[in-house]
Amino acid sequence: MVIREISGIENGFFERVDGTSEWYYSHVSSKSFCDLYEAEEIVSDGYTFVGMSCALIHYPDGKVFKPFEIRENIYVEKPVFLDGNIYFLEVDFDKKIMSLIYIDSEELISGDFDEDKSIEDIKHVEAEISLSEVEDCYNLMLKIAPVMITRGGNDGYFEIIYPEKKRYNIDVREGFDFRNGDDMYFASWDENPEYEDFIVVRDYESGEVKSVEKGSIFRMPNGEMWKI
């Protein structure tokens with residue numbers, strides 16, 4: 001067994017970026033990990049949030065990239081991958097803005113960065129949206145495909161914030177997985193009396209349920225959907 005030590009990341013763990021098997025991410029902070037909603041609460045309570053950034057690890061060479069600096073009151077959520085681009089959701093609590101930012105993965109892996117060229121030069125802002133568009137940051141995250149800013153507040157509804165606004169009433173046990181054309185795939189569960197998983201498919205335009213079946217479904221890095 002080969003054990004490779006990845007340098008450049010401290011006090012973190014890494015997970016696969018949704019949509020690819022080539023990139024992994026790790027949240028990076030000067031203090032212990034917290035999620036986006038917890039960071040929002042810290043700022044709302046009048047304290048300064050130390051900041052949460054996100055590093056990328058490329059497979060198979062293990063190269064580490066840090067597209068974002070750790071900055072106070074700014075949280076960078078986990079990325080997603082689509083059509084060769086790596087997308088990030090950056091939330092700035094001071095400016096009260098959420099930004100959808102993307103990086104061309106080929107430019108990143110082949111980039112020769114020095115004093116004249118940095119990762120900042122290949123970062124692009126696709127959209128900036130006021131935080132007033134959402135009730136709070138609970139389960140605010142990116143999903144695919146296409147790339148969407150979504151919020152699942154665990155309060156009986158699901159929201160799409162970008163690229164267009166939609167809101168569906170859903171069961172409190174449903175959680176959004178991914179979109180495939182006009183089909184929105186949600187995972188659900190029941191315990192009556194034994195635990196069971198369900199796949200709920202809703203219509204993108206109306207949010208109405210199109211089908212419910214037992215099982216689980218996963219979107220694989222090559223775009224295929226594997227169902228069990």
Side-chain angles (χ1 to χ4, degrees), residues 1-36 38-39 49-93 97-128 137 140-150 162 177-179 218-226:
M1 176 185 293
V2 176
I3 298 178
R4 178 185 295 185
E5 184 172 341
I6 305 299
S7 60
I9 299 176
E10 297 179 359
N11 303 322
F13 60 93
F14 58 89
E15 298 183 64
R16 183 175 62 82
V17 175
D18 189 17
T20 179
S21 57
E22 187 178 355
W23 290 95
Y24 293 75
Y25 76 92
S26 176
H27 273 119
V28 180
S29 178
S30 60
K31 290 190 176 181
S32 59
F33 174 84
C34 72
D35 63 26
L36 176 56
E38 291 170 326
F49 171 56
V50 296
M52 184 70 69
S53 182
C54 195
L56 293 169
I57 305 100
H58 183 251
Y59 176 84
D61 51 57
K63 288 184 179 179
V64 173
F65 300 89
K66 295 181 179 179
F68 300 88
E69 295 180 359
I70 300 174
R71 293 174 290 169
E72 290 183 346
N73 289 343
I74 293 180
Y75 194 107
V76 181
E77 255 293 359
K78 63 182 181 181
V80 298
F81 184 93
L82 186 67
D83 297 333
N85 292 325
I86 306 170
Y87 290 83
F88 300 85
L89 179 64
E90 180 186 80
V91 178
D92 188 323
F93 294 111
I97 291 288
M98 57 177 120
S99 301
L100 178 59
I101 299 170
Y102 70 91
I103 297 173
D104 185 309
S105 62
E106 290 300 320
E107 281 192 83
L108 183 60
I109 196 63
S110 62
D112 185 16
F113 302 111
D114 52 30
E115 293 182 357
D116 297 322
K117 181 183 179 181
S118 70
I119 294 180
E120 288 294 322
D121 296 322
I122 63 171
K123 286 166 58 177
H124 307 279
V125 178
E126 179 170 318
E128 289 187 336
C137 292
L140 185 69
M141 65 182 69
L142 298 181
K143 291 288 187 176
I144 50 179
V147 174
M148 300 177 288
I149 301 176
T150 68
Y162 177 88
D177 279 341
F178 58 88
R179 175 185 171 188
F218 303 90
R219 185 182 184 277
M220 306 308 289
N222 65 354
E224 291 181 352
M225 292 178 288
W226 289 12

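Heavy atoms only: backbone and side chains are in, while hydrogens, waters and symmetry mates are out.
- With hydrogens and angles ignored, the 3.5 Å screen pairs a side-chain donor or acceptor of S105 with a backbone N or O of G84.
- In this structure, the separation between CD1 on I119 and CD on E69 is 10.5 Å, given to the nearest 0.5 Å.
- I149 CD1 to Y162 OH: the interatomic distance, rounded to the nearest 0.5 Å, is 7.5 Å.
- When atom types are taken as modelled, the side chain of E38 and the backbone of D35 share a donor-acceptor pair closer than 3.5 angstrom.
- Remark: side-chain polar atoms of S53 are paired, donor with acceptor, to backbone N or O of F68 under 3.5 angstrom.
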For this session: Let me see the working for H124 and I103 under side chain to side chain contact (heavy atoms under 4.5 Å, CB included), right down to the final yes or no.
Result: CA-CA 6 Å; H124 307 279; I103 297 173; over 6 Å; no
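- Contact of the I144 side chain with the D18 side chain is registered, since non-hydrogen atoms from C-beta on lie closer than 4.5 Å.
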Exercise. Between I57 and S26, is a side chain to side chain contact (heavy atoms under 4.5 Å, CB included) present by the stated rule, with each step listed?
Worked result: CA-CA 8 Å; I57 305 100; S26 176; 4.2 Å; yes
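- Nearest heavy-atom pair, P221 versus S21, reported as atom, atom and distance to 0.1 Å: CB-N, 3.7 Å.
- Remark: K78 fails to qualify as a cation-pi partner of F88 under the 6.0 Å distance and 45° angle criteria applied to the six-membered ring.
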For this session: Take L140 and E77, measure what side chain to side chain contact (heavy atoms under 4.5 Å, CB included) needs, and give me the verdict at the end.
Result: CA-CA 9 Å; L140 185 69; E77 255 293 359; over 6 Å; no
For this session: May I have the step-by-step check of side chain to side chain contact (heavy atoms under 4.5 Å, CB included) for L108 and L56, ending in yes or no?
Result: CA-CA 10 Å; L108 183 60; L56 293 169; 3.7 Å; yes
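- Residue Y59 qualifies as open at atom OH: its count of foreign heavy atoms under 6.0 Å is 12 or below.
- Under the 3.5 Å distance criterion, the side-chain polar atoms of H27 are matched with a main-chain donor or acceptor of V76.
- At least one side-chain heavy atom of I109 sits under 4.5 Å from a side-chain heavy atom of K63.
- Note that CD1 of I97 is 11.5 Å distant from CD1 of I74, once rounded to the nearest 0.5 Å.
- Here the closest heavy-atom approach between residue C54 and residue P79 is recorded as SG-CD, 3.8 Å.
- Note that CZ of F93 is 4.5 Å distant from SG of C137, once rounded to the nearest 0.5 Å.
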Exercise. Going through the checks in order, is the salt bridge (charged side-chain N to carboxylate O under 4.0 Å, His left out) test met by R71 and E90?
Worked result: CA-CA 11 Å; R71 293 174 290 169; E90 180 186 80; 2.6 Å; yes
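- The line from CE of M148 to CG of L142 is 9.5 Å long, rounded to the nearest 0.5 Å.
- Residues E15 and Y25 have side chains in contact (heavy-atom distance under 4.5 Å, counting atoms from C-beta outward).
- In terms of heavy atoms, P67 sits closest to K123 at O-NZ, 3.0 Å.
- S29 contributes no side-chain N or O that, together with a main-chain N or O of M52, makes up a donor-acceptor pair within less than 3.5 Å.
- With respect to the salt-bridge test (charged N to carboxylate O, under 4.0 angstrom), the residues E22 and R16 do not qualify.
- Panel note: side chain Y102, backbone F81; no donor-acceptor pair is recorded below 3.5 Å.
- Between H58 and W23, the closest side-chain pair of non-hydrogen atoms falls below 4.5 Å.
- With values rounded to the nearest 0.5 angstrom, Y87 atom OH is found 6.0 Å from L82 atom CG.
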